[in-house]
Amino acid sequence: MKKIIVILLLPAVLLPLALCGKTVRRTLGIIQSRVPESSVLAHETMELVYDYKYCVDTTGTLTDNYESDRMLLQISDGGLSKFSSYTNLTVDSLIPTLTSDQMRAAASDGKLSNGEFMTTFKNWPAGHITNVDKICDDWFRYQEEMPVIGWRLTDGVETVLGYECRKAECDFRGRHWTVLYAEDIPVMDGPWKLHGLPGLILKASADGGLYGFECIGIKSRANRPITIYDVPFNTTTRPKFYDTKHRYDINPYAYYEAMGGGHVTVTDAAGNPVADSYDPIELQYDYIETDWR
């Protein structure tokens, strides 16, 4: 079983990390050399940091079969909120301070590795969710009406960050979610697309922990701007976005080449070309929403 990772460091290409056996996942990491301009949508009044964890190999054959990121939920007075990668926010603040040589060194040390590009804007525009994501070098955006989630309140109380939280469950977009929400924080919001409970969702887990969010920090008085990149978006729909993401994930090198990025040469530890590197693979996991097909 092997996991291949190719990182494009500006013009440089690193050799992949490989284990013997069948390839179950490939990753093509492209390090950005500059930060796109942004537009301010609102200013937050509260922000929360969540640990995000999800399984990328449900067979359990990879040692590192979970990926994780630190995410930021920004909430404004007007009901607009943004859920995005805190890692990317940190990288964005670092890049403008570096010289070209420092950038190459930082990239080699892994300090410029991006987190999740999945970004969810709730109530922007009002009554809708705007979803932004990046696949390879391409930015995508799609909108949907704020979903009505059929929550079922259940028995049980747990504590998260000192807040007494009640439990609720739902079936949403193909997964069963169990969440903890704090009525003492009367905000009907939460991580990702989860919302609609009489209190802020501080913890959420789907399908036995295949996807999960847990709040690890709350700043009740904050004024960081809520922004969106000024980039040329490919406007799409939710099913079409996931279809494109799937095409990329099963064959990232071919996708990169087809989009004009150039040819990726993949070699093993001995420097020999990997003959099947452009062959599609079968993913050993599904996305956070499984109803896209």
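Bear in mind the structure is a predicted one, so any value in this text is a computation, not a measurement. Below, each value reflects all heavy atoms present in this structure, side chains not excepted, and no hydrogens, waters or symmetry copies.
Partners of Asp171 under the salt bridge (charged side-chain N to carboxylate O under 4.0 Å, His left out) rule, at least two apart in sequence or in another chain, are Arg152.
Classification of the Phe117-Trp139 ring pair by plane angle, with boundaries at 30° and 60°, yields perpendicular. Between Tyr52 and Phe213, the ring-plane angle classifies as parallel under the 30° and 60° cut-offs.
At distances below 3.5 Å, not a single donor-acceptor pair connects side-chain atoms of Asp109 with backbone N or O atoms of Lys111. Within the 3.5 Å criterion, the main-chain N or O of Asn65 finds no donor-acceptor partner in the side chain of Glu67. For Arg175 (side chain) and Ile288 (main-chain N/O), a donor-acceptor pair under 3.5 Å exists by modelled atom type. Here the side chain of Asp69 pairs no donor or acceptor atom with the backbone of Gly115 at under 3.5 angstrom. No donor-acceptor pair closer than 3.5 Å links the side chain of Asn123 to the backbone N or O of Ala126. A donor-acceptor contact shorter than 3.5 Å is absent between the side chain of Asp230 and the backbone of Pro36. Judged purely by atom type and a 3.5 angstrom limit, Thr130 uses its side chain to pair as donor or acceptor with the backbone of Trp124. The backbone N or O of Gly261 sits less than 3.5 Å from a side-chain atom of Tyr256, completing a donor-acceptor pair. Judged purely by atom type and a 3.5 angstrom limit, Thr58 uses its side chain to pair as donor or acceptor with the backbone of Gln284. Without hydrogens or angle criteria, Gln74 side chain to Pro225 main chain gives a donor-acceptor distance under 3.5 Å.
Between the side chains of Tyr242 and Glu289, a donor-acceptor pair is found at a separation under 3.5 Å. Between the side chains of Tyr287 and Asp249, at least one donor N or O lies within less than 3.5 Å of an accepting N or O.
One finds a salt bridge joining Asp101 and Arg104 here, because a Lys/Arg side-chain nitrogen approaches an Asp/Glu carboxylate oxygen to under 4.0 Å. In summary, Arg173 and Glu144 engage in a salt bridge, as defined by a charged side-chain N under 4.0 Å from a carboxylate O.
Within a 6.0 Å sphere centred on CD of Glu164, heavy atoms belonging to other residues, nucleotides or ligands number 12 at most. The local environment of CZ in Arg238 is crowded, with over 12 non-hydrogen atoms from other residues, nucleotides or ligands closer than 6.0 Å. For Tyr163, the OH atom counts as loosely surrounded, since its 6.0 Å shell holds 12 or fewer non-hydrogen atoms of other residues, nucleotides or ligands. Heavy-atom neighbours of Lys134 NZ from other residues, nucleotides or ligands within 6.0 Å: above the threshold of 12. Within 6.0 Å of the CZ atom in Arg293, the count of heavy atoms belonging to other residues, nucleotides or ligands exceeds 12. Annotation for Lys245: atom NZ counts as buried by contact number, over 12 foreign heavy atoms lying within 6.0 Å.
In this structure, Met259 is a member of the same hydrophobic cluster as Val264, with clusters built from ILVMFWY side-chain heavy atoms closer than 4.5 Å. Linking Ile, Leu, Val, Met, Phe, Trp and Tyr residues whenever their side-chain heavy atoms come within less than 4.5 Å leaves Ile149 and Met146 in two separate clusters. Hydrophobic cluster membership is shared by Tyr66 and Leu283, with clusters built from Ile, Leu, Val, Met, Phe, Trp and Tyr side chains linked at under 4.5 angstrom. Residues Tyr181 and Ile185 share a single hydrophobic cluster, defined by chaining ILVMFWY side chains whose heavy atoms lie under 4.5 Å apart. In the hydrophobic clustering of this structure, Leu73 groups with Tyr211; members are Ile, Leu, Val, Met, Phe, Trp, Tyr whose side-chain heavy atoms approach within less than 4.5 Å, directly or through other members.
Hydrophobic cluster membership of Leu72, counting Ile, Leu, Val, Met, Phe, Trp and Tyr whose side-chain heavy atoms lie under 4.5 Å apart directly or via other members: Val49, Tyr86, Leu89, Ile216.
Scanning both residues, Leu161 and Gly217, for their nearest heavy atoms gives CD1-N, 3.6 Å. Closest of all the heavy-atom pairs between Leu194 and Ala204 is CD1-CB, 3.6 Å. Among all heavy-atom pairs drawn from Cys136 and Tyr248, the shortest one is CB-CE1, 3.8 Å. Between Leu202 and Tyr50, the closest heavy-atom pair is O-CE2, 3.7 Å. Residue Leu28 comes nearest to Pro252 through the heavy atom pair CD2-O, 4.0 Å, listed as atom of the first residue, atom of the second, then distance. When every heavy atom of Val91 is checked against every heavy atom of Ser113, the shortest pair comes out as CG2-O, 3.8 Å.
Between the NE2 atom of His176 and the SG atom of Cys170 there is a distance of 7.5 Å, given to the nearest 0.5 Å. Annotation: the span from Ile75 atom CD1 to Lys219 atom NZ amounts to 14.0 Å, rounded to 0.5 Å. Taking NZ of Lys122 as the start and CZ of Phe83 as the end, the distance is 7.5 Å to the nearest 0.5 Å. Atom CZ in Arg26 sits 10.0 Å away from atom CD1 in Ile250 (nearest 0.5 Å). Atom CD1 of residue Ile129 and atom CH2 of residue Trp192 lie 8.5 Å apart, to the nearest 0.5 angstrom. If you take NZ on Lys167 and CG on Leu180, they are separated by 6.5 Å, rounding to the nearest 0.5 Å.
A 4.5 Å side-chain heavy-atom check between Phe172 and Lys193 finds at least one atom pair inside the cut-off. The shortest side-chain heavy-atom distance between Met118 and Met71 falls under the 4.5 Å cut-off. Here the side chains of Met188 and His195 are not in contact, with every heavy-atom distance at 4.5 Å or above. Counting heavy atoms from C-beta on, the side chains of Val35 and Pro96 come closer than 4.5 Å. Side chains of Asn88 and Thr119 form no contact here, defined as non-hydrogen atoms less than 4.5 Å apart. Contact check for Thr236 versus Arg141: no side-chain heavy atoms found under the 4.5 Å cut-off. Annotation: side chain of Pro125 is in contact with side chain of Gln143 (closest heavy-atom distance under 4.5 Å). Taking 4.5 Å as the limit, some side-chain heavy atom of Thr227 sits within range of a side-chain heavy atom of Val40.
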side-chain contact (heavy atoms from CB on, under 4.5 Å) between Leu41 and Leu80, worked out: CA-CA 9 Å; Leu41 304 179; Leu80 186 156; 4.3 Å; yes

Trace of the side-chain contact (heavy atoms from CB on, under 4.5 Å) decision for Leu200 with Asp189: CA-CA 5 Å; Leu200 190 64; Asp189 209 332; 4.0 Å; yes

Check against side-chain contact (heavy atoms from CB on, under 4.5 Å), Thr244 and Asp138: CA-CA 10 Å; Thr244 303; Asp138 305 317; over 6 Å; no

side-chain contact (heavy atoms from CB on, under 4.5 Å) between Tyr253 and Val274, worked out: CA-CA 12 Å; Tyr253 314 141; Val274 178; over 6 Å; no

